[in-house]
Colleague: 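If you scroll down you'll find the structure; I have some questions about it.
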Amino acid sequence: MLEITRIRENKTEIIELLKLRNMDAAAQIEKIIAVDADWRSNKQKQDSLLAESNALAKEIGQLFKLGKREEAEEAKKRGGEIRDEEKKLDEVVGKLADELQSLLYEIPNVPHSSVPLGNSDEDNVKISEAGEIPTVGADWIPHWELAKKYDLIDFDMGVKVTGAGFPFYMGKGARLQRALINFFLDEARDAGYKEVIPPFLVNEASGYGTGQLPDKEGQMYHDAQGDLYLIPTAEVPLTNMYRNVMLAEADLPLKTTAYTPCFRREAGSYGSDVRGLNRLHQFDKVEIVRVEHPNQSYAVLDQMVAYVQGLLTKLGLPYRTLRLCGGDLGFTSALTFDLEVYSAAQDKWLEVSSISNFETYQANRLKLRFKGADKKKSLAHTLNGSALALPRIMAALLENNQTSTGINIPEVLVPYTGFDKI
RNA sequence: GGAUAGUUGGCAGAGUGGUCGAAUGCACUAGUCUUGAAAACUAGCGUACCGCAAGGUACCGAGAGUUCGAAUCUCUCACUGUCCGCCA
């Protein structure tokens, strides 16, 4: 959520930058400013009524003490009148506050000025490409066929037991999956991230804290009885650890990592890009999260991108780095880089990581602040990135490393898998 | 699932209708004293919002109510602790 003071003071700039999202926010911003002004003036009236009523109540107490019954009764009458008036105003003020709140929830984060214009993922800007694109052999097959051939993943079993998008990993497939998780966690630890095992269900307040609610309500699995949500990413519990927290400037930066399964309804997505591991309702991911000083956050974003690129290099996967355009930028993000790996047999680039700077957008909802040396309080910046999302990594590893005699396991993973070939 | 107790400032912990935004202790900050430190002493020390300011308002788990006036009374809800049962 954007800070109301920022909107008051920089509305022209905000409207201008939101155009990068193909959004004409002028009317909405003006509405917010109007409602805010309305709220403030009514609030002021209410406050002075309350002040009057408080003073009167004290007076009545005194009058009773002095035994001036009649005067007290007279004052009581006036007090009642003031209270009636205040009640009416209270309703107005409450309504305006609610309206302001929901208007603010509807405004996405202001894009960083480097965000390119564009409508969809097709307009994302490639900033680099690395690694060697393998030459596809005549007999190469996509990962879902490899999975069947070598008994690595059983999609049909998933359908039987749960439903589409919930595969079973079997035998060496399961071990490879576990190896990847451990590899990613160890790398993150070496990079200074504190490992965490968070809950996989979160409450409503956490959903609001990181911005999944209210705008992505339908994307999360919801337990109605306990009013809990299955996490769509570890970002939610990890970042919400810092909800309502006042840090000291010296505490920054905070770096955490977690492996969790992620649950996504993916309502409305279908087609050829959901085959095999390409899009699942449950998948594994290692996430890195950082809480940073505002003047560090963009340098840190670059570091995070470089870190994840390093992981892909170690795995020997060809990848490219994209700067997301305004049309593809997440609701809460100011700037996002996506990393895509090339999956040879499908001849497709698959998104395996999304690394974002949310600036103060999440911190404002979270009330995540730090106190500077001068005792001034500021909102912190939050960032996160996938490091990495497993299924598509698995898909690319299987497809790119297939040979006529089996699938080769990257060297860095062998200590984790205990085998070098499938 | 059953029973019971609780939820007050960073922490501990008073406070059962008016001068309580809230005692006291600890912690913290500044100062005095000291060669330095400790101790002692003195003073300060919650958060948010509105306002140029003076100042005002709100907050004692959340919400609603009674009252001229609520941390204090009433109702609803949430959460936490403890004991019993069940269970990985």
Side-chain angles (χ1 to χ4, degrees), chain A residues 1-9 32-105 197-209 213 222-229 237 240-251 254 260-261 360 363-380:
Chain A
M1 182 164 67
L2 296 179
E3 298 123 273
I4 184 68
T5 49
R6 183 174 168 198
I7 294 179
R8 268 184 222 146
E9 287 161 19
I32 285 173
I33 287 179
V35 172
D36 175 53
D38 205 8
W39 173 78
R40 278 188 292 164
S41 84
N42 278 288
K43 172 88 161 103
Q44 258 174 55
K45 276 186 221 159
Q46 186 193 16
D47 279 358
S48 55
L49 273 184
L50 282 167
E52 208 181 320
S53 151
N54 286 345
L56 196 58
K58 274 189 191 167
E59 208 179 302
I60 291 167
Q62 285 304 313
L63 289 174
F64 270 120
K65 244 182 207 166
L66 299 172
K68 298 182 179 172
R69 282 280 159 80
E70 273 174 39
E71 282 177 54
E73 289 304 330
E74 192 59 33
K76 268 189 175 184
K77 235 181 231 171
R78 268 193 296 144
E81 284 163 20
I82 293 174
R83 194 188 54 162
D84 288 345
E85 208 177 322
E86 190 275 328
K87 263 194 174 162
K88 278 184 217 153
L89 210 47
D90 186 57
E91 218 167 287
V92 174
V93 169
K95 260 191 199 149
L96 287 169
D98 288 348
E99 189 183 354
L100 185 60
Q101 181 73 225
S102 50
L103 284 169
L104 284 171
Y105 272 134
I197 301 180
F200 301 159
L201 285 98
V202 294
N203 56 29
E204 191 182 27
S206 293
Y208 275 95
L213 295 175
H222 181 231
D223 161 40
Q225 259 190 316
D227 197 16
L228 294 173
Y229 294 85
N240 271 285
M241 292 198 293
Y242 307 109
R243 177 151 46 85
N244 287 322
V245 165
M246 177 71 69
L247 298 163
E249 192 168 5
D251 296 334
L254 293 167
T260 68
T360 58
N364 188 36
R365 286 195 188 182
L366 292 161
K367 290 205 176 66
L368 164 53
R369 295 170 298 169
F370 69 91
K371 213 182 264 187
D374 53 359
K375 303 249 166 108
K376 261 181 82 178
K377 290 157 202 152
S378 321
L379 291 168

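In what follows, every chain begins at residue 1, and chains take the letters A, B, ... in the order their sequences are listed.
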Colleague: Contact class for A:Lys377 vs. all strands (heavy atom < 4.0 Å): base, sugar-phosphate, or nothing?
Modeller: sugar-phosphate
Colleague: Could you work out which one of B:G18, B:G56, B:C50 sits closest to the side chain of A:Asp47?
Modeller: B:G56
Colleague: Return the value, rounded to whole Å, for the distance between atom CD of A:Glu91 and atom P of B:G63.
Modeller: 17 Å
Colleague: By nearest atom, which of the nucleotides B:C50, B:U57, B:C68 is closest to the A:Arg40 side chain?
Modeller: B:C50
Colleague: I'd like to know if A:Asp47 and A:Lys43 make a salt bridge, using a cut-off of under 4.0 Å between side-chain N and carboxylate O.
Modeller: yes
Colleague: Hunt down the Watson-Crick or G-U wobble partner of B:G51, both distances under 3.5 Å, from any strand shown, or write none.
Modeller: none
Colleague: State which residue, out of A:Gln46, A:Lys95, A:Arg83, fulfils the side chain to side chain donor-acceptor pair (under 3.5 Å) condition with A:Asp90.
Modeller: A:Gln46
Colleague: May I ask you to say what A:Leu50 touches in the nucleic acid, namely base, sugar-phosphate or nothing, with a heavy-atom cut-off under 4.0 Å?
Modeller: sugar-phosphate
Colleague: With a 3.5 angstrom cut-off on both distances, give the Watson-Crick or G-U wobble partner of B:U16, or none if there isn't one.
Modeller: none
Colleague: Can you tell me how far the CG atom of A:Asp227 sits from the CG atom of A:Leu201, to the nearest 0.5 Å?
Modeller: 11.0 Å
Colleague: Once you apply a heavy-atom cut-off of 4.0 Å, does A:Ala75 come out as touching a base, just sugar-phosphate, or nothing?
Modeller: nothing
Colleague: Base, sugar-phosphate or nothing for A:Arg78? Non-hydrogen atoms, less than 4.0 Å.
Modeller: nothing
Colleague: Can you tell me how far the CD1 atom of A:Ile4 sits from the CZ atom of A:Arg40, to the nearest 0.5 Å?
Modeller: 8.0 Å
Colleague: Please report the interatomic distance CG(A:Asn364) to CD(A:Glu3), rounded to the nearest 0.5 Å.
Modeller: 4.5 Å
Colleague: Expressed in angstrom and rounded to an integer, what is the separation of A:Lys371 atom NZ from B:U47 atom C1'?
Modeller: 10 Å
Colleague: When rounded to the nearest Å, what value does the distance between P atoms of B:U24 and B:A30 take?
Modeller: 22 Å
Colleague: How long is the line joining CD1 of A:Ile82 and P of B:U57, in whole Å?
Modeller: 13 Å
Colleague: Rounding to the closest angstrom, what is the interatomic distance between B:C84 and B:U29 at atom P?
Modeller: 44 Å
Colleague: Let me know, please, whether A:Gln44 or A:Lys58 comes out on the 5' side of the other along RNA chain B by nearest nucleotide.
Modeller: A:Lys58
Colleague: Atom NZ of A:Lys87 to atom P of B:C68: distance rounded to whole Å?
Modeller: 10 Å
Colleague: For B:G10, give the paired nucleotide (Watson-Crick: N1-N3 plus N6-O4 or O6-N4; G-U: N1-O2 and O6-N3; both under 3.5 Å), or none.
Modeller: B:C26
Colleague: Could you let me know what B:A39 is paired to, Watson-Crick or G-U wobble, both distances under 3.5 Å, or none if it's on its own?
Modeller: none
Colleague: With both distances under 3.5 angstrom, what nucleotide forms a Watson-Crick or G-U wobble pair with B:G65?
Modeller: B:C73
Colleague: What's the gap between B:C41 and B:C50 when it is taken at their C1' atoms, as a whole Å value?
Modeller: 41 Å
Colleague: B:U57, OP1 or OP2 - any side-chain N/O from A:Asn54 closer than 4.0 Å?
Modeller: yes
Colleague: Starting the side chain at C-beta, find the nucleotide from B:U57, B:C49, B:U47 nearest to A:Ala51.
Modeller: B:U57
Colleague: For nucleotides B:G2 and B:G85, find the distance between their C1' atoms and express it as a whole number of Å.
Modeller: 8 Å
Colleague: Sticking with atom C1', work out how far B:G13 lies from B:G25, rounded to a whole angstrom.
Modeller: 8 Å
Colleague: Report yes if at least one side-chain N or O of A:Arg8 is closer than 4.0 Å to OP1 or OP2 of B:C50; otherwise report no.
Modeller: yes
Colleague: Please report the distance separating the C1' of B:G63 from the corresponding atom of B:A78, rounded so that it comes out in whole Å.
Modeller: 10 Å
Colleague: Roughly how many Å is it from CZ in A:Arg83 to P in B:G65, rounded to a whole number?
Modeller: 10 Å
Colleague: So what's B:G81 paired with, Watson-Crick or G-U wobble, going by both distances under 3.5 Å?
Modeller: B:U4
Colleague: Say we look at B:U67 and B:C49: how far apart would their C1' atoms be, to the nearest angstrom?
Modeller: 27 Å
Colleague: Under a 3.5 Å limit for both distances, which nucleotide forms a Watson-Crick or G-U wobble pair with B:C33, could you say?
Modeller: none
Colleague: When you look at A:Leu104 and A:Ile7, which way does the side-chain contact (heavy atoms from CB on, under 4.5 Å) test go after all the steps?
Modeller: CA-CA 10 Å; A:Leu104 284 171; A:Ile7 294 179; 3.5 Å; yes
Colleague: Atom CG in A:Leu50, atom CD in A:Glu86: separation rounded to 0.5 Å?
Modeller: 4.0 Å
Colleague: For A:Lys76 and for A:Ser48, find the nucleotide of RNA chain B with the closest heavy atom, then tell me which residue's nucleotide is more 5'.
Modeller: A:Ser48
Colleague: State the pairing partner of B:C59; accept Watson-Crick or G-U wobble contacts with both distances under 3.5 Å, and report none otherwise.
Modeller: B:G46
Colleague: What is the distance, to the nearest angstrom, from the CG atom on A:Asn203 to the P atom on B:A78?
Modeller: 14 Å
Colleague: What is the distance, rounded to the nearest whole Å, between atom CD1 of A:Ile60 and atom P of B:A70?
Modeller: 11 Å
Colleague: As an exercise, state the distance from NZ of A:Lys367 to CZ of A:Arg243, rounded to the nearest 0.5 Å.
Modeller: 10.0 Å
Colleague: A:Arg369 side chain: which of B:A48, B:C68, B:C49 is closest?
Modeller: B:A48
Colleague: Pick the P atom in B:U8 and in B:G81, then give their distance to the nearest Å.
Modeller: 14 Å
Colleague: Rounded to the nearest Å, what distance is computed from the CG atom of residue A:Asp84 to the P atom of nucleotide B:G69?
Modeller: 10 Å
